[in-house]
S.K.: 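Below are the structure tokens for one structure; questions will follow.
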Number of protein chains: 2
Amino acid sequence: MQSAHEAFVDYLRHKGLKVTQQRLRILNTILQTSRAHFNAEDLMEMVNASGQARVSRSSVYRTLELLNDCGLLRKELLRDQVSHYEKTSAEEHHDHMICNLCGRIIEFSSGELEALQDKLCREQGFTPESHVLHIRGICRACAAKQGKSRA
Amino acid sequence: MQSAHEAFVDYLRHKGLKVTQQRLRILNTILQTSRAHFNAEDLMEMVNASGQARVSRSSVYRTLELLNDCGLLRKELLRDQVSHYEKTSAEEHHDHMICNLCGRIIEFSSGELEALQDKLCREQGFTPESHVLHIRGICRACAAKQGKSRA
DNA sequence: CTGACTGCAAAATGTTTGCAGATTC
DNA sequence: GAATCTGCAAACATTTTGCAGTCAG
């Protein structure tokens, strides 16, 4: 199992692309952050927060695409009009519950769910490569709040 | 069980909103089309294809939001940056498999899947209101084509 | 050295909004 | 008649692109 860093460099070499300072800075920022989800703007801030030379918005967008292509990030469409990215380098795949009131994202994963999905795909002759499951609703905290403040 | 038309009119009245010609034209266009998915631009074209007075882009967007709010449509994020809408007036909820090669959308539904999701939500104290499951991969037809043309 | 990359600013895309006049209730 | 709508054009937010200069291999 190679490190994310090695994987990225390999990917770039394979495609005849260059290993630049900006690309490495972006990758390192992503590897170092504890955040599981972020969008392009968030990443811009994180990259440029750590002092050093700026990385431009264009480079951030272009690098996000590379990282998505090589599988180190997964592009998700959590909210309207803004692409979010999720680190895949971490553990296994997980899905999301998104609170319609506070926006909180609860991650969960279930082998049972994966297995069922595989079964459904087989029934359709479909070869799954990835999936996104977003359940929207009300989280525990908001439900409690709502119960209290009900007029 | 009231018709979609009645449901929409009721919804508007309840909210103190007006039943305008444009809103009805948009609803009728959606009810008449055989398409299950479309985006705002598609809808613009469909509405204005049938001759008659034009309906503006703003009205289409504003009405899409109303139809989503009252549950006659469901907003989905199938592709980057473009909101898609799906008729819910039809039968029950269903999910999607999306082919990464030809873009084909296969609809499916599974009671087993819904039940499992409910169980997972209960475990998190989460009250589900809606969900979106997109499985991406290769459809049967493309898999067959790939097998043949493999170099 | 050459081709790929960066940063910038400009363009493109999809959606929202302010406003004046029209329409519904 | 009052409040809500419409259509327009302008504003917006996010992402993409063309280009001139820079850098990696």
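This one's a predicted model, so the numbers in the text were calculated from it and none came from an experiment. In what follows, chains are A, B, ... by sequence order, proteins preceding strands, each numbered from 1.
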S.K.: Starting at atom NZ of B:Lys18, determine the distance to atom C1' of D:dT6, rounded to an integer number of angstrom.
M.R.: 12 Å
S.K.: For A:Glu41 and A:Arg62, find the nucleotide of DNA chain D closest to each by heavy atoms; which residue's nucleotide sits nearer the 5' end?
M.R.: A:Glu41
S.K.: What is the separation between atom OH on B:Tyr61 and atom C1' on C:dT17, rounded to the nearest whole Å?
M.R.: 14 Å
S.K.: Taking the side chain of A:Gln21 as its heavy atoms from C-beta onward, which of C:dT24, D:dA24, C:dC8 lies nearest to it?
M.R.: D:dA24
S.K.: Does CD in B:Gln21 sit with more than 12 non-hydrogen atoms of other residues, nucleotides or ligands closer than 6.0 Å?
M.R.: no
S.K.: Using only side-chain N and O atoms of A:Ser59, determine if any of them is under 4.0 Å from OP1 or OP2 of C:dG7.
M.R.: yes
S.K.: Figure out the CG/C1' separation between B:Leu24 and C:dT24, and round it to whole Å.
M.R.: 12 Å
S.K.: B:Tyr11 OH to D:dT4 P: how many Å, rounded?
M.R.: 14 Å
S.K.: Output the rounded distance in Å from CG (B:Leu17) to C1' (C:dT23).
M.R.: 14 Å
S.K.: Expressed in angstrom and rounded to an integer, what is the separation of A:Asn48 atom CG from C:dC8 atom C1'?
M.R.: 15 Å
S.K.: How many Å lie between CD on A:Glu65 and P on D:dT17, as a whole number?
M.R.: 9 Å
S.K.: Grab the CD-C1' distance between B:Gln22 and D:dG7 for me, whole Å please.
M.R.: 9 Å
S.K.: For a quick check of understanding: with a heavy-atom distance under 4.0 Å over all strands, which category does B:Ser58 fall into, base, sugar-phosphate or nothing?
M.R.: base
S.K.: Please check if B:Met44 and B:Tyr85 belong to a single hydrophobic cluster, counting links between Ile, Leu, Val, Met, Phe, Trp and Tyr side chain heavy atoms closer than 4.5 Å.
M.R.: yes
S.K.: Is a side-chain donor-acceptor pair under 3.5 Å present for A:Glu76 with A:His37?
M.R.: no
S.K.: Measuring from the side chain of B:Arg57 (C-beta onward, heavy atoms only), which nucleotide among C:dT15, C:dC5, D:dC5 has the closest atom?
M.R.: C:dT15
S.K.: Is there a side-chain contact (heavy atoms from CB on, under 4.5 Å) between B:Leu72 and B:Tyr11 once you walk through the steps?
M.R.: CA-CA 10 Å; B:Leu72 288 170; B:Tyr11 171 80; over 6 Å; no
S.K.: Let's see if you can work this out: which of C:dT15, C:dG7, D:dT4 has an atom nearest to the side-chain heavy atoms of A:Ser56?
M.R.: C:dG7
S.K.: Taking the nucleotide of DNA chain C with the nearest heavy atom to each, does B:Ala40 or A:Leu12 sit closer to the 5' end?
M.R.: A:Leu12
S.K.: Tell me whether B:Thr29 contacts the main-chain N or O of B:Met46 through its side chain, where contact means a donor paired with an acceptor under 3.5 Å.
M.R.: no
S.K.: D:dA24 phosphate, OP1 or OP2: any side-chain N/O from A:Arg23 under 4.0 angstrom?
M.R.: no
